[in-house]
Q: 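One structure follows; several queries about it will come next.
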Amino acid sequence: MTPPGRLSTAPPPVRRASAGAIGPRPPLVEERGELSAAVTRALRSGGPPVAASASGSDSVQRADPYGEDLQLALYLLYELHYRGFDGVDDEREWDPDLLRLRRAMEARFLDALRADLSEAPRSVEDAFAPLLVEPADLSGSLSHHLRTQGELWQLREYAALRSLYHLKEADPHAWVIPRLTGRAKAAMVAIEYDEFGAGRADRIHAQLFADLMADLGLDPTYGRYLDRAPACLLATVNLMSLLGLHRALRGALVGHFACVEVTSSPGSRRLAQAMRRCAAGPAAEHFYAEHVEADAVHEQVVRHEVIGGLLAAEPDLEADVAFGCAATLLLEDRLAHHIRERWNHGRSALRSPLPPQK
């Protein structure tokens, strides 16, 4: 195994976003329906969410589990465990009324995922085997599209969307560390050490993504593009938070993490090529070039040591690991379909287009 912190010898990016740019608390955004309105009103007022009353259960059951309202409401509640929001008391993180509403929405989301994945593989081998071979036909791949024919405005949109994850990259997965033991814990910590810059603040992957955004003329402030992110993007981030915050779902979080690492290197190579072809800038190209090498190593470690160590200690979690992988692929496919459909019709994949690059 390559020693942590020595996965790349690439030079640091030329253009750097201010390290403080990703630190401030984001503002609350406008609601997108009954549930998100209840959450935003509660966070602004300091009171309980109206939907947590007797009628709250009906509101959750009526909501589309993948829709704008429920996914935004979940995102807002999960964010209380990360940076919080400007003007919102830190104590709301463990507010019982908010947690009660969140739990109902989580159950709705999980039930939908499990129903849609009822035929998905239940063994680790069956879940991951297809991911270890590059498909012969990449026509449906978003990274392939960006590499071969993507335009700079599309790369900017893609980065704005992905910023909701990459500016907190590795944070959701860190919650699994105290829930692992032995081989799995040691390997997970080694990988996370790389993700968090191997002791160097300027190499933290979230900072490298902020630098990428600066190259693309985007605002690298944490949470800046939440208001523009559609539900299909929010769902991909919410899945990580959901799995990370529940010890009972630790196997699924490991499956999610492994799926991300296994699929990252080939996609990152294509995205680095896309950034180079469109002259997006050295920091934009560097972020993905860093992941080509790093995640190729991580993929081996996570499969053999994190998953292997977990299942050696807790073999009954295998179906959960497979579920985490399948859920990740399902939501990523939904997001890719949304983006390609919008772009194919000459429309923005965001809820509102970005201003032109200056």
Side-chain angles (χ1 to χ4, degrees), residues 17-53 56 59-60 63 67-106 108-109 159-175 204-207 209-210 213 218-246 350-352 354:
S18 167
I22 62 174
R25 294 184 179 193
L28 285 169
V29 297
E30 292 300 315
E31 65 269 12
R32 302 180 193 176
E34 182 180 0
L35 294 172
S36 53
V39 171
T40 54
R41 283 196 299 266
L43 294 179
R44 287 191 175 104
S45 69
V50 173
S53 65
S59 300
V60 172
E68 298 288 348
D69 187 29
L70 185 140
Q71 290 298 325
L72 177 60
L74 266 182
Y75 188 95
L76 296 174
L77 292 175
Y78 285 144
E79 195 58 37
L80 298 177
H81 298 284
Y82 294 102
R83 306 286 181 88
F85 293 99
D86 185 35
V88 176
D89 192 331
D90 286 344
E91 293 295 328
R92 301 309 300 279
E93 178 183 8
W94 299 110
D95 182 287
D97 291 321
L98 293 176
L99 291 175
R100 190 177 302 113
L101 176 59
R102 194 191 86 190
R103 183 58 178 157
M105 291 189 291
E106 288 176 333
R108 181 88 170 111
F109 186 26
L161 287 167
R162 289 298 191 184
S163 68
L164 271 70
Y165 163 58
H166 282 304
L167 293 182
K168 60 161 65 81
E169 185 171 353
D171 290 348
H173 298 126
W175 277 319
I204 293 173
H205 284 189
Q207 180 61 52
F209 195 81
M213 296 179 75
L218 298 170
D219 185 346
T221 303
Y222 183 91
R224 171 62 182 83
Y225 297 103
L226 174 57
D227 58 339
R228 285 184 161 91
C232 52
L233 183 282
L234 298 180
T236 66
V237 184
N238 285 340
L239 177 66
M240 292 184 290
S241 301
L242 167 60
L243 301 180
L245 286 167
H246 292 272
L350 284 72
R351 298 184 73 243
S352 59
L354 294 171

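Note that this is a predicted model, so its numbers are computed, not measured. One-based numbering along the sequence shown. Values below: all heavy atoms of this structure, side chains included; hydrogens, waters and symmetry mates excluded.
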Q: Out of the candidates Leu43, Leu226, Asp86, only one should pair with Leu28 under the side chain to side chain contact (heavy atoms under 4.5 Å, CB included) rule; please name it.
A: Leu43

Q: With side chain to side chain contact (heavy atoms under 4.5 Å, CB included) as the criterion, how do Arg224 and Leu167 come out once you've worked through the C-alpha distance, each side chain's angles and the decisive distance to 0.1 Å?
A: CA-CA 10 Å; Arg224 171 62 182 83; Leu167 293 182; over 6 Å; no

Q: Take Arg25 and Asp90 through the side chain to side chain contact (heavy atoms under 4.5 Å, CB included) test and state the conclusion after the steps.
A: CA-CA 11 Å; Arg25 294 184 179 193; Asp90 286 344; 2.4 Å; yes

Q: For residues Phe85 and Pro27, determine if any side-chain heavy atom of one lies less than 4.5 Å from a side-chain heavy atom of the other.
A: no

Q: Please evaluate residues Tyr82 and Glu93 with respect to the criterion side chain to side chain contact (heavy atoms under 4.5 Å, CB included), reporting the C-alpha separation (whole Å), side-chain torsions for both, the decisive distance (0.1 Å), and the verdict.
A: CA-CA 9 Å; Tyr82 294 102; Glu93 178 183 8; over 6 Å; no

Q: Is there a side-chain contact between Glu30 and Asp227 in this structure, where contact means two heavy atoms from C-beta onward sitting under 4.5 Å apart?
A: no

Q: Take Val39 and Leu74 through the test side chain to side chain contact (heavy atoms under 4.5 Å, CB included) and record every step on the way to the result.
A: CA-CA 9 Å; Val39 171; Leu74 266 182; over 6 Å; no

Q: Could you check if a side-chain atom of His166 sits within less than 4.5 angstrom of a side-chain atom of His205, using non-hydrogen atoms only?
A: no

Q: Give me the atom names and distance for the closest heavy-atom approach of Thr40 to Ala37.
A: OG1-O, 3.1 Å

Q: Considering non-hydrogen atoms only, spot the tightest contact between Gly47 and Ala42 and give its length.
A: O-CB, 3.3 Å

Q: Can you check whether Tyr78 reaches Val237 side chain to side chain, under 4.5 Å on heavy atoms?
A: no

Q: Quick one: CZ on Arg228 to OG on Ser163, what's the gap to the nearest 0.5 Å?
A: 11.0 Å

Q: Using side-chain heavy atoms (C-beta onward) and a distance below 4.5 Å, is Leu233 in contact with Leu350?
A: no

Q: Do Asn238 and Met105 have side chains that approach each other closer than 4.5 Å (heavy atoms only, starting at C-beta)?
A: no

Q: To the nearest 0.5 angstrom, please state how far the CG atom of Asp171 sits from the OG atom of Ser241.
A: 9.5 Å

Q: Rounded to the nearest 0.5 Å, what's the gap from CG on Leu98 to CZ on Arg100? Could you check?
A: 9.5 Å

Q: Between Asp97 (side chain) and Pro49 (backbone), is there a donor-acceptor pair under 3.5 Å?
A: no

Q: Can you name the closest pair of heavy atoms from Arg32 and Ala229 and give their distance?
A: NH1-O, 2.8 Å

Q: Restricting to non-hydrogen atoms, name the atom on Ala63 and the atom on Leu70 that form the minimum distance, rounded to 0.1 Å.
A: CB-CD1, 4.1 Å

Q: Is the closest side-chain heavy-atom distance between Arg83 and Tyr222 below 4.5 Å?
A: yes

Q: At what distance, to the nearest 0.5 angstrom, does CD of Glu68 lie from CG of Leu35?
A: 13.0 Å

Q: Test salt bridge (charged side-chain N to carboxylate O under 4.0 Å, His left out) on Arg92 and Asp89; report intermediate values, then the result.
A: CA-CA 6 Å; Arg92 301 309 300 279; Asp89 192 331; over 6 Å; no

Q: With side chain to side chain contact (heavy atoms under 4.5 Å, CB included) as the test, pick out the partner of Tyr225 among Arg351, Met213, Arg162.
A: Met213

Q: Under 6.0 Å between the ring centres of Trp175 and His246?
A: no

Q: Could you tell me the separation between the CG atom of Leu239 and the OH atom of Tyr165, rounded to the nearest 0.5 Å?
A: 11.5 Å

Q: What is the distance from atom CG of Leu72 to atom CD of Glu31, rounded to the nearest 0.5 Å?
A: 9.0 Å

